[in-house]
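Below is one structure; the comments refer to it alone.
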There are 2 protein chains.
Amino acid sequence: MTPDTSGHASTGTPFDSLVTVGLEQTSTVDRVVEELRRAVFEGELESGTPLREVALAESLGVSRPTVREALTLLVSEGLAIREPHRGVAVATPDPESIGDVSRARCVLELAGVRGWREATDADKKAVRTALEEYAAAVAGSASYEELNRRHLAIHLAFVGLTGSPRLVAMGASAHAELRLALAQVERARRNASDQVAAHQLLVDLLEADKVDQAAAELRRHLADGEAAILERLGLHPDQ
Amino acid sequence: MTPDTSGHASTGTPFDSLVTVGLEQTSTVDRVVEELRRAVFEGELESGTPLREVALAESLGVSRPTVREALTLLVSEGLAIREPHRGVAVATPDPESIGDVSRARCVLELAGVRGWREATDADKKAVRTALEEYAAAVAGSASYEELNRRHLAIHLAFVGLTGSPRLVAMGASAHAELRLALAQVERARRNASDQVAAHQLLVDLLEADKVDQAAAELRRHLADGEAAILERLGLHPDQ
DNA sequence: GTTGTCAGATTGTCAGACAATGACTTGCCG
DNA sequence: CGGCAAGTCATTGTCTGACAATCTGACAAC
């Protein structure tokens, strides 16, 4: 069955052959988590899909304990749900949780935007850079997931204006759930709409020190986003 | 502490009429995590103490994989730090992280306080209840950790005014780090000062709909708390 | 049609083992 | 006598195998 004897080359993991110039000492568990995250964000794993330990183990060429630890991490990130003795499954975003995530985003990002004047130059620059990279990605017609990531990076940069790494981490966690929901909703129709203008307006308002206007605009922008997701979610009532 | 992050969707599922007797289906890993958390919060484990897998395994009477998974969770909560091939150790709170946690608290709790008017009655009631229980604990001269928990429960109730479970979870995670720091600082001198009056004032201001005043008061209260911790941290420069 | 039971599948936990890596000790050489 | 290299030990990261507890589904019985 298992032709081991010579290490654990196992089935094709094309990444292992790469040199990996010593910089990134990634543990096996980290790589598994990364792969699962990618699959979830890319929409390859449908919401609710059970993640069986043995199947994943032989599919990824690692042992069951390794997969198990990766799943535990995934659950702790909120991307999957574990039911005792029933296994782990990809989380299913319901309208309630979407609303909750949106509220959390709103709090975090508004806190950043309101603190624009007190923010460090580095954090302000991060906002501009994120916007530029998003615009470049749109112009270069990057992949759907790429656009999505760059878009959320702008919003994360807003949170970063608070200067608090923990708040940024919280924002990232919220965005992870959002990306999960987006992947489920837009699995077929990947119409990442071009929203460069809206974000440019936001940053312009900030640069002009019109903080309150920017905050109001951001609030509207987030409400729009939530409505869009909910609407599309409503169109896919698979259950 | 965090009562439960799992169930209680409470979307009209009338299962509650059933006994719901505390089946407490706790897995072994959960119990280990719980025990480690308790030890950390109680100050039994000094900051920086290495958490050896084998030692913990035989000390707790469980296997190494179980301990390992528990440690992974502890690390993901920020209560411990894992260095590759060097093991897991109790996190050491430095002034920078304390300041960061305080900023995060400030954002979260202010968001809740500012939303007092829009908050549900249940969430408002939770604030009053938390305050009452804190006062009762002070009057009954409860244990140090008990007072600490009840105190932070009030602040968590403030976050709860946003009505967002995720923001509450984020607040709880911040409070966990705070409790770690407090346990380290006040290991010897457990002078949990009676702060009932300060919180009573806060709630009174809210009840009187003086939201802005309450927000300002809360901001001052948090700044005071941070200063107190930092001062005491400065008195213990063990390294 | 409902209920009881059983087999299969999956998870939770354990035990043991091995390689890789980091820390410590020892001995050599200047 | 002191600094550096090699060896040794401890610890973690990962794998293999195993077993009990539990859930799922189907099948038989009433």
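This one's a predicted model, so the numbers in the text were calculated from it and none came from an experiment. What's counted below: heavy atoms across the whole structure, side chains too, no hydrogens, waters or symmetry copies. Below, read A as the first sequence line, B as the second, and so on, with proteins coming before strands; counting in each chain starts at 1.
Ionic pairing of B:R31 and B:E34 is not present here: no N-O contact between side-chain nitrogen and carboxylate oxygen is shorter than 4.0 angstrom. Ion pairing of B:R38 with B:E44 is present here, as a side-chain N (NZ or NE/NH1/NH2) and a carboxylate O approach within less than 4.0 Å. Using a 4.0 Å cut-off between a side-chain N of Lys or Arg and a carboxylate O of Asp or Glu, A:R105 and A:E226 do not qualify as a salt bridge.
Atom CD in A:E58 sits roughly 19 Å away from atom P in D:dT14 (whole-Å rounding). Going from atom CG of B:D30 over to atom C1' of C:dG12 covers 11 Å, rounded to whole Å. The distance between atom CZ of A:R82 and atom P of D:dC23, rounded to the nearest whole Å, is 15 Å. Atom CG of B:L71 is separated from atom P of D:dG13 by 10 Å (rounded to the nearest Å). Rounding to whole angstrom units, CG of residue B:L73 and C1' of C:dG12 are separated by 14 Å. At whole-Å resolution of the value, CD in A:E53 and P in D:dT16 are 15 Å apart. Look at CD on A:E69: it is 15 Å from C1' on C:dG12, rounded to the nearest Å. The CZ-C1' distance, from B:R31 to C:dT13, rounds to 11 Å in whole Å.
Using a 4.5 Å heavy-atom threshold, the side chains of B:S164 and B:M170 count as separate.
A residue-by-residue look at A:T28 and A:R86 shows that A:T28 has its nearest nucleotide of DNA chain D further toward the 5' end. Residue B:R52 is the one, among B:R52 and B:P65, whose nearest nucleotide of DNA chain D lies closer to the 5' end (criterion: closest heavy atom).
Comparing D:dG13, C:dT11, C:dC14 against the side chain of A:H85 picks out C:dT11 as the nearest.
For a distance-only test at 3.5 Å, the side chain of A:R64 qualifies as a donor-acceptor partner of the base of C:dG12.
A close approach under 4.0 Å does not occur between any side-chain nitrogen or oxygen of B:R68 and OP1 or OP2 of D:dT12. Taking side-chain N and O atoms only, A:T66 has no distance below 4.0 Å to OP1 or OP2 of D:dG13.
Taking the centre and axis of the six-membered ring of B:Y134, the NZ or CZ atom of B:R150 falls outside the cone set by 45° and 6.0 Å.
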